[in-house]
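Following: one structure in structure tokens, then a few remarks.
These numbers were taken from a predicted model, which means no experiment stands behind them.
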Amino acid sequence: MAATSFSGLQLAMLRSCIPSSQRFADAGTVILGGKAKVGSWNKLASVSHVSSVQPFQQSFTSSSLKSEKIVTKAMSESSANAPVSGLPINLKGKRAFIAGVADDHGYGWAIAKSLAAAGAEILVGTWVPALNIFESSLRRGKFDESRILPDGSLMEITKVYPLDAVFDNLEDVPEDIKTNKRYAGSAKWTVQEVAESVKEDFGTIDILVHSLANGPEVTKPLLETSRKGYLAAISASSYSYVSLLKHFLPILNPGGASISLTYIASQRIIPGYGGGMSSAKAALESDTRVLAFEAGRKRKIRVNTISAGPLRSRAAKAIGFIDKMIDYSLVNAPLQKELSAEEVGNAAAFLASPLASAITGTVLYVDNGLNAMGVGIDSPIFKDLDIPKDQH
């Protein structure tokens with residue numbers, strides 16, 4: 001990798017879209033996507049820009065919310081021999097394959113940047129119909145500002161592979177997809193073929209990231225979801241991870257890590273998150289536990305999933321109420337700040353690192369603590385309680 005001079009990352013806290021009709025959305029269809037704040041990577045500072053909360057409840061309408069600054073400190077080669085405070089995240093010499101990166105928005109891109117900043121070599125798998133635009137944007141420098149790493153260099157992507165994770169092998173692909181003009185000019189894009197290509201090109205990898213999903217009927221209530229739409233959501237959003245790990249497991253180095261992205265709708269009712277997507281996320285979390293056992297016993301691979309809070313993204317616009325979900329989180333979560341994609345990327349870098357060597361089969365919540373709340377405190381019922389809230 002042309003890449004980075006970083007040998008590690010040190011995490012510290014300082015106070016201070018692809019439409020749903022497309023097969024895959026970077027970082028999980030609908031809710032699981034978010035634009036990485038480009039400028040926030042300069043000097044390794046990740047800033048969440050927070051606007052005033054919409055009037056969910058009168059008691060909160062006068063409050064604007066203070067942003068938090070998340071800083072990720074990196075150590076360059078020149079300082080490698082200097083005393084290090086804290087615990088470094090060092091992925092130098094590791095290779096990561098990230099499935100589901102189609103632009104510079106969302107969790108997949110943010111995860112790639114955090115892994116790259118920690119020293120990992122980056123390979124990505126991009127949905128076939130989006131491949132030409134993605135590669136063209138990379139070549140023409142449209143992503144250069146988004147690629148800036150903490151030392152000022154640009155994140156390097158060693159190779160981009162076409163990928164459609166709905167199909168395990170060429171025999172699974174229907175004729176209408178094979179002849180679709182959006183797939184013309186691309187080859188070896190099924191899961192099995194991509195794994196074989198990566199093996200041929202690089203031999204092995206150390207980190208596998210699943211950052212893709214799709215629910216073609218996501219805007220429909222579950223009772224109105226067709227069997228076809230439901231099974232499509234399960235196939236693209238959960239079984240695709242099983243298939244990905246199955247085919248990449250033989251080339252994952254022992255001690256490696258695999259990470260996926262989920263959402264709280266797997267555990268709680270989120271009206272509007274339909275089409276079987278909540279079922280798909282529940283399946284993904286259940287599969288994470290089983291895969292952790294099987295991959296752990298077979299090749300000492302750790303398997304975890306990150307449940308991230310709502311972020312604004314192209315994919316999230318498919319539902320149509322992402323802004324309300326973010327406002328709700330700002331008002332009700334223990335930490336009153338807007339979640340940034342970099343925070344999810346940093347959590348993934350931790351899970352992929354030796355610091356998480358004993359963590360597997362877990363759902364890691366990166367949502368400002370919203371998952372821990374049993375009630376929404378913006379309800380009129382709580383208007384007379386003395387609940388601390390950010391006034392700045």
Side-chain angles (χ1 to χ4, degrees), residues 1 3-4 6-13 44 70-75 77 79-81 83-99 107-108 110-123 150 198 202-211 241-242 244-262 284-308 342-367 371:
M1 181 176 179
T4 177
F6 292 96
S7 60
L9 285 179
Q10 191 175 3
L11 304 181
M13 293 288 293
L44 215 44
I70 310 301
V71 175
T72 308
K73 296 181 179 179
M75 298 176 295
E77 293 290 345
S79 64
N81 295 323
V84 179
S85 61
L87 295 172
I89 293 179
N90 185 354
L91 298 176
K92 185 178 180 182
K94 304 297 184 181
R95 182 178 297 117
F97 181 87
I98 305 166
Y107 292 127
I111 290 172
K113 288 184 68 173
S114 288
L115 296 178
E121 181 179 13
I122 304 300
L123 314 175
V198 172
F202 299 97
T204 61
I205 63 172
D206 304 279
I207 302 163
L208 177 66
V209 178
H210 177 275
S211 179
Y241 185 44
V242 176
L244 202 69
L245 187 53
K246 170 185 176 181
H247 289 94
F248 275 83
L249 190 62
I251 65 170
L252 267 166
N253 289 319
S258 184
I259 302 165
S260 65
L261 291 164
T262 185
L284 181 66
E285 293 179 16
S286 176
D287 292 343
T288 293
R289 292 183 284 272
V290 178
L291 292 172
F293 175 78
E294 295 182 358
R297 290 301 181 98
K298 285 185 176 181
R299 289 190 65 83
K300 302 186 188 311
I301 303 300
R302 294 179 292 106
V303 182
N304 295 291
T305 188
I306 294 174
S307 183
E342 290 89 347
E343 289 172 300
V344 175
N346 292 341
F350 161 72
L351 287 176
S353 78
L355 294 180
S357 61
I359 300 175
T360 192
T362 66
V363 177
L364 177 64
Y365 289 94
V366 184
D367 63 354
N371 72 92

- Are Leu123 and Ile98 close enough, and set up right, to give a side chain to side chain contact (heavy atoms under 4.5 Å, CB included), and what steps lead you there? CA-CA 6 Å; Leu123 314 175; Ile98 305 166; over 6 Å; no
- Message: With side chain to side chain donor-acceptor pair (under 3.5 Å) as the test, pick out the partner of Glu121 among Lys92, Lys94, Arg95.
- Response: Arg95
Do the non-hydrogen side-chain atoms of [X] and [Y] ever get within less than 4.5 Å of each other?
X: Leu261; Y: His210; value: no
X: Leu364; Y: Leu351; value: yes
X: Ile89; Y: Phe350; value: yes
X: Ile259; Y: Thr305; value: no

- Task: Say whether, by atom type as modelled, one donor and one acceptor occur between the side chain of Ser114 and the main chain of Ile111 under 3.5 angstrom.
- Result: no
- Criterion side chain to side chain contact (heavy atoms under 4.5 Å, CB included) against Tyr365, the qualifying member of Ile306, Asn371, Thr262: Asn371
How many angstroms lie between [atom1] in [X] and [atom2] in [Y], if you round to the nearest 0.5 Å?
X: Ile301; Y: Thr360; atom1: CD1; atom2: OG1; result: 9.5 Å
X: Leu91; Y: Ile207; atom1: CG; atom2: CD1; result: 5.0 Å
X: Asn253; Y: Ile205; atom1: CG; atom2: CD1; result: 8.5 Å

- Residue list, salt bridge (charged side-chain N to carboxylate O under 4.0 Å, His left out) with Arg302, at least two apart or on another chain: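 Per chain and number, Arg302 pairs via salt bridge (charged side-chain N to carboxylate O under 4.0 Å, His left out) with no residue.
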Identify the two heavy atoms, one from [X] and one from [Y], that lie closest to each other, and give their separation to 0.1 Å.
X: Val366; Y: Ala347; answer: CG2-CB, 3.8 Å
X: Tyr107; Y: Ser211; answer: C-OG, 4.3 Å
X: Leu115; Y: Ala96; answer: CD1-CB, 3.8 Å
X: Ala112; Y: Ile122; answer: O-CD1, 3.6 Å
X: Ala295; Y: Leu249; answer: CB-CD1, 4.0 Å

- Those residues that, when tested against Thr362, pass side-chain contact (heavy atoms from CB on, under 4.5 Å) (two or more places apart):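 With sequence neighbours excluded, Thr362 shows a side-chain contact (heavy atoms from CB on, under 4.5 Å) to Asn304, Ile359, given in chain and number order.
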- Item | No-hydrogen, no-angle side-chain donor-acceptor test under 3.5 Å, Ser258 and Tyr241 |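 Ser258 vs Tyr241: donor-acceptor pair found between side chains.
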- Task: Can you run down the side chain to side chain donor-acceptor pair (under 3.5 Å) pairs that involve residues 287-300, sequence neighbours left out, and say none if there aren't any?
- Result: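 Found none.
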- Task: For side chain to side chain contact (heavy atoms under 4.5 Å, CB included), just list the numbers for Leu252 and Asp206, CA-CA rounded to whole Å, side-chain angles, deciding distance to a tenth of an Å, and then say yes or no.
- Result: CA-CA 5 Å; Leu252 267 166; Asp206 304 279; 5.6 Å; no
- Show the numbers, then the answer: is there a side chain to side chain contact (heavy atoms under 4.5 Å, CB included) between Leu284 and Ser260? CA-CA 8 Å; Leu284 181 66; Ser260 65; 3.8 Å; yes
